[in-house]
Amino acid sequence: FYIYDRIKVDLGQSARCPAVWQRSVDVCRQAYKVPPFDPAGHAILVRRPNVSLSPQHLAAHRVIYSWRDAVAREEDESSAYVLPNHQMIRLATAMPATPEQLHAVCHPLPPLLHYRASSLLSAIASAQSDVSTQQQQVQQLQQQQPPPPQQQQQQPEPSVGRVVTLQPQAGLPPGTYSPSRICSVQ
């Protein structure tokens, strides 16, 4: 209570107490709004100059990012408390499969991560399987693609923009041409 008493005495002497109380009331009336989850927000962390991730590591990072947000919302903690950014990137590059590997990568292990290690490891494993499944699908699609059809040489038909040279036919009035008398198409 010493600090409270000192502030009250100092403010009472300067006649600023009503203004301070009003500012305090204004601050207390502000409601905290939880920002919505942005699934593409993980890309901001990856854009750092010293971070380069393969597609498999990027998929793991995306899964870890969404896992961290879900746990933070459930536990009503900040995402940095659940798992700091630098440890999240180390987890994405290492992709641990066992609790021992997790402890080796994240030292010291954040408190919530200690209790939620199994759910994080299963999320990382699902990211690995998703990436391998996607790679297999891409390979299958590449194998199933038919070879490009060979183009056949066809005589182009006269159309707008092409010059057609015609020869007049004997016995027809001038300016009348028979389709069989086309000499060349350019």
Side-chain angles (χ1 to χ4, degrees), residues 1-4 6-7 10-11 16 19-149:
F1 288 109
Y2 173 75
I3 295 174
Y4 170 76
R6 288 298 306 161
I7 291 174
D10 290 344
L11 288 175
R16 291 188 298 170
V20 171
W21 281 113
Q22 184 58 44
R23 177 70 181 128
S24 177
V25 167
D26 293 342
V27 168
C28 291
R29 285 185 180 158
Q30 293 177 354
Y32 175 72
K33 295 179 183 175
V34 178
F37 175 66
D38 180 19
H42 76 95
I44 295 169
L45 299 173
V46 176
R47 287 189 197 133
R48 293 181 179 174
N50 59 348
V51 176
S52 61
L53 300 176
S54 69
Q56 189 173 15
H57 294 144
L58 189 61
H61 187 267
R62 183 174 39 251
V63 168
I64 294 168
Y65 181 80
S66 62
W67 175 89
R68 177 179 79 162
D69 183 76
V71 170
R73 290 175 192 274
E74 185 178 323
E75 296 291 332
D76 196 26
E77 295 288 350
S78 73
S79 57
Y81 175 76
V82 174
L83 183 63
N85 291 340
H86 69 280
Q87 286 186 342
M88 186 168 51
I89 291 172
R90 282 196 297 188
L91 283 172
T93 55
M95 292 191 294
T98 64
E100 292 79 22
Q101 292 173 346
L102 180 65
H103 287 284
V105 172
C106 290
H107 187 71
L109 198 65
L112 284 176
L113 188 57
H114 178 74
Y115 297 109
R116 304 268 186 140
S118 62
S119 66
L120 176 62
L121 293 174
S122 65
I124 293 172
S126 71
Q128 287 176 333
S129 66
D130 289 347
V131 169
S132 63
T133 303
Q134 289 174 355
Q135 288 174 346
Q136 289 174 355
Q137 289 174 350
V138 167
Q139 289 174 352
Q140 288 175 354
L141 287 174
Q142 289 174 345
Q143 291 173 355
Q144 291 176 358
Q145 287 181 350

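None of the values given here were measured: they were computed from a predicted structure.
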Closest approach of [X] and [Y], non-hydrogen atoms and distance?
X	Y	value
L121	P96	CD2-O, 3.4 Å
A127	V63	CB-CG2, 3.5 Å
H57	A92	CD2-O, 3.2 Å
R73	P36	NH2-C, 3.4 Å

Point to revise | Over 12 foreign heavy atoms within 6.0 Å of CZ, F37 | key: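 Enclosed.
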If you measure from [atom1] on [X] to [atom2] on [Y], what distance do you get to the nearest 0.5 Å?
X	Y	atom1	atom2	answer
C28	R23	SG	CZ	10.0 Å
L102	M95	CG	CE	14.0 Å
Q128	D130	CD	CG	10.0 Å
M88	H61	CE	NE2	4.0 Å
C106	Q101	SG	CD	12.0 Å
R90	L83	CZ	CG	9.5 Å

Check your understanding: Is it true that a side-chain atom of E75 and a backbone atom of V71 form a donor plus acceptor pair closer than 3.5 Å?
Key ->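 No: the side chain of E75 does not pair with the backbone of V71.
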Flag the pair [X] / [Y] as yes when at least one side-chain heavy-atom distance between them is below 4.5 Å, and no otherwise.
X	Y	value
T93	L53	yes
Y65	S79	no
I124	W67	no

Review point. Is it the case that D26 and Q30 place a side-chain donor and acceptor less than 3.5 Å from each other?
Key: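 There is no such pair between these side chains.
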Review point. Considering the options L112, L91, L113, N85, which one meets the side chain to side chain contact (heavy atoms under 4.5 Å, CB included) requirement together with R68?
Key: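 Going through L112, L91, L113, N85 one by one, the side chain to side chain contact (heavy atoms under 4.5 Å, CB included) with R68 is satisfied by N85 alone.
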**Study point:** Test side-chain contact (heavy atoms from CB on, under 4.5 Å) applied to L109 and Q87, step by step
**Key:** CA-CA 9 Å; L109 198 65; Q87 286 186 342; over 6 Å; no
